[in-house]
Amino acid sequence: MISHDRPLGVGTAIKRGYRVALEENFDIAVVIAGNNKDDPREVTRLLDPICSGDSEFVMGSRYLPGGSFGGDMPAYRVFATRYIHPLIVRLLTGAKVTETSNGYRAIATKALRDPRIRLEQSWLKDYQLEMYLIMKVLMLDGIRTTEVPISKIYPPKEIGYTKMTPVIGWWKMLYPLFLIGLGIRR
């Protein structure tokens, strides 16, 4: 098990996991949220397109047929994750995706080794990393992507459904879309 002494941000944690996957010569790295909202039994849905050679990057989507999101997902969050993020990504990349903010995904490590993907940049420390990676793989030639249906479980509101702060957390997810999509950052 890998752990940090203190919270360093989700992007930093994912980068470390990717680094270990590369150092250990794993074929595939899977990201699953640590908040118990993803069903680990569905990991094969993410792995199958990579194992069959059809894709190098697989994103889970609660909005595809066969996907779901139960519990108390707030309406504003449904609207943002289902319509706003995918619309921005489509405008900037031309790729049609049903969801970009779902952290349940898998990537072939050969794609992580692509020199055009630069995960070690210091500004990729929180949610920026996930949006950066999505934009890069959608924009780069030679990296095939797909989405698969997954379930997302939201606990009752009184328990708390997210650690993401409204405005600041959303901005950390949005600005990388524009930086990469407009070619301001690489």
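These numbers come from a predicted model, not from an experiment.
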Exercise. Which heavy-atom pair separates K96 from E147 by the least distance, and what is that distance?
Worked result: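 Heavy atoms of K96 and E147 come nearest at O-OE1, 4.5 Å.
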Please round to the nearest 0.5 Å and tell me the distance separating atom [atom1] of [X] and atom [atom2] of [Y].
| X | Y | atom1 | atom2 | value |
| --- | --- | --- | --- | --- |
| S101 | Y127 | OG | OH | 10.5 Å |
| L140 | T93 | CG | OG1 | 11.0 Å |
| L46 | F57 | CG | CZ | 10.0 Å |
| I14 | L133 | CD1 | CG | 9.0 Å |
| R19 | E120 | CZ | CD | 5.0 Å |
| E24 | L22 | CD | CG | 10.5 Å |

Exercise. Is any side-chain N of the basic residue among D38 and K152 closer than 4.0 Å to the acidic one's carboxylate O?
Worked result: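 Salt bridge between D38 and K152, a charged N being under 4.0 Å from a carboxylate O: yes.
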Exercise. Has R113 got more than 12 heavy atoms of other residues, nucleotides or ligands less than 6.0 Å from its CZ?
Worked result: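 Counting other residues, nucleotides and ligands, CZ of R113 exceeds 12 neighbours.
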Problem set entry | Exceeds 12 heavy-atom contacts within 6.0 angstrom, atom CZ of R116 |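 More than 12 heavy atoms, drawn from other residues, nucleotides or ligands, come within 6.0 Å of this atom.
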Problem set entry | Test applied, salt bridge (charged side-chain N to carboxylate O under 4.0 Å, His left out); reference residue, R105; option that passes from E130, E99, E56 |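 Filter result, single survivor: E130.
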For this session: Would you tell me whether E42 and S151 have side-chain atoms, one donor and one acceptor, within less than 3.5 Å of each other?
Result: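 S151 and E42 do have a side-chain donor-acceptor pair below 3.5 Å.
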Exercise. Any chance the side chains of T81 and Y63 put a donor and an acceptor closer than 3.5 Å?
Worked result: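 Their side chains do contain a donor-acceptor pair, which is all the 3.5 Å distance test asks for.
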Exercise. Has the side chain of K15 got a donor or acceptor atom that lies under 3.5 Å from a matching backbone atom of L124?
Worked result: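 The answer is yes, because a donor-acceptor pair under 3.5 Å joins these two groups.
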Problem set entry | Geometric class of the W123/Y132 ring pair [parallel <30°, tilted 30-60°, perpendicular >60°] |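 The arrangement is perpendicular - the two ring planes meet at more than 60°.
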